[in-house]
Amino acid sequence: MSDANDPNALPPAPQERLPTQNWRFDFSSYAETRHFLDQMADLSRREDYYPNVSFGKTYVNISIDAEGQAALAERNSCFTGEMEALAATDKA
């Protein structure tokens with residue numbers, strides 16, 4: 001029998017939200033966006049780390065949750081600095 005219809009069932013516990021770092025990079029054209037995404041793919045393969053990525057025609061959003069931050073810190077990775085440098089290069 002399911003608890004979904006049980007009036008005495010306790011409500012589900014709220015899920016804990018992990019701290020997340022978010023970046024948004026804006027570009028002036030799809031070609032710049034695509035170039036950045038290709039470079040990010042290379043960086044991810046090199047670092048063996050794949051952040052959450054969403055993108056549109058002229059922007060890229062990248063999120064790294066607490067587990068990802070811990071994994072990068074454990075490896076003493078420069079992932080976020082290199083990512084920001086790639087975006088700055090594409091805008092220059």
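- Counting heavy atoms from C-beta on, the side chains of Trp23 and Val60 never come closer than 4.5 Å.
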Assess the residue pair Arg34 and Asp38 against the criterion (salt bridge (Lys or Arg N to Asp or Glu O under 4.0 Å)); give the C-alpha distance rounded to whole Å, side-chain angles, the decisive distance to 0.1 Å, and a yes or no. CA-CA 6 Å; Arg34 180 80 252 160; Asp38 291 342; 3.1 Å; yes
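- Here Phe55 contributes atom CZ and Thr33 contributes atom OG1; the two are 9.0 Å apart, rounded to the nearest 0.5 Å.
- Side-chain contact check for Arg75 versus Asp48: some heavy-atom pair is nearer than 4.5 Å.
- Side-chain contact between Ile62 and Thr80 is absent, with no heavy atoms from C-beta onward closer than 4.5 Å.
- Remark: the Thr20 side chain and the Asp65 side chain contain no N/O donor-acceptor pair separated by less than 3.5 Å.
- Residues Tyr59 and Phe36 fall into different hydrophobic clusters, defined by Ile, Leu, Val, Met, Phe, Trp and Tyr side chains chained together at heavy-atom separations under 4.5 Å.
- In this structure, Glu82 and Glu47 approach most closely via the heavy-atom pair OE2-OE2, 3.9 Å.
- The hydrophobic cluster containing Ile64 does not contain Tyr50, counting ILVMFWY residues as joined when their side-chain heavy atoms lie under 4.5 angstrom apart, directly or transitively.
- Within the 3.5 Å criterion, the main-chain N or O of Tyr49 finds a donor-acceptor partner in the side chain of Ser44.
- A donor-acceptor pair is defined here as one N or O able to donate and one able to accept, closer than 3.5 Å; no such pair exists between the side chain of Glu32 and the backbone of Thr58.
- Distance alone, capped at 3.5 Å, places no donor-acceptor pair between the Ser77 side chain and the Ala73 backbone.
- Here the side chains of Met40 and Phe79 are in contact, with some heavy-atom distance below 4.5 Å.
- Taking 4.5 Å as the limit, every side-chain heavy atom of Phe25 sits out of range of all side-chain heavy atoms of Leu86.
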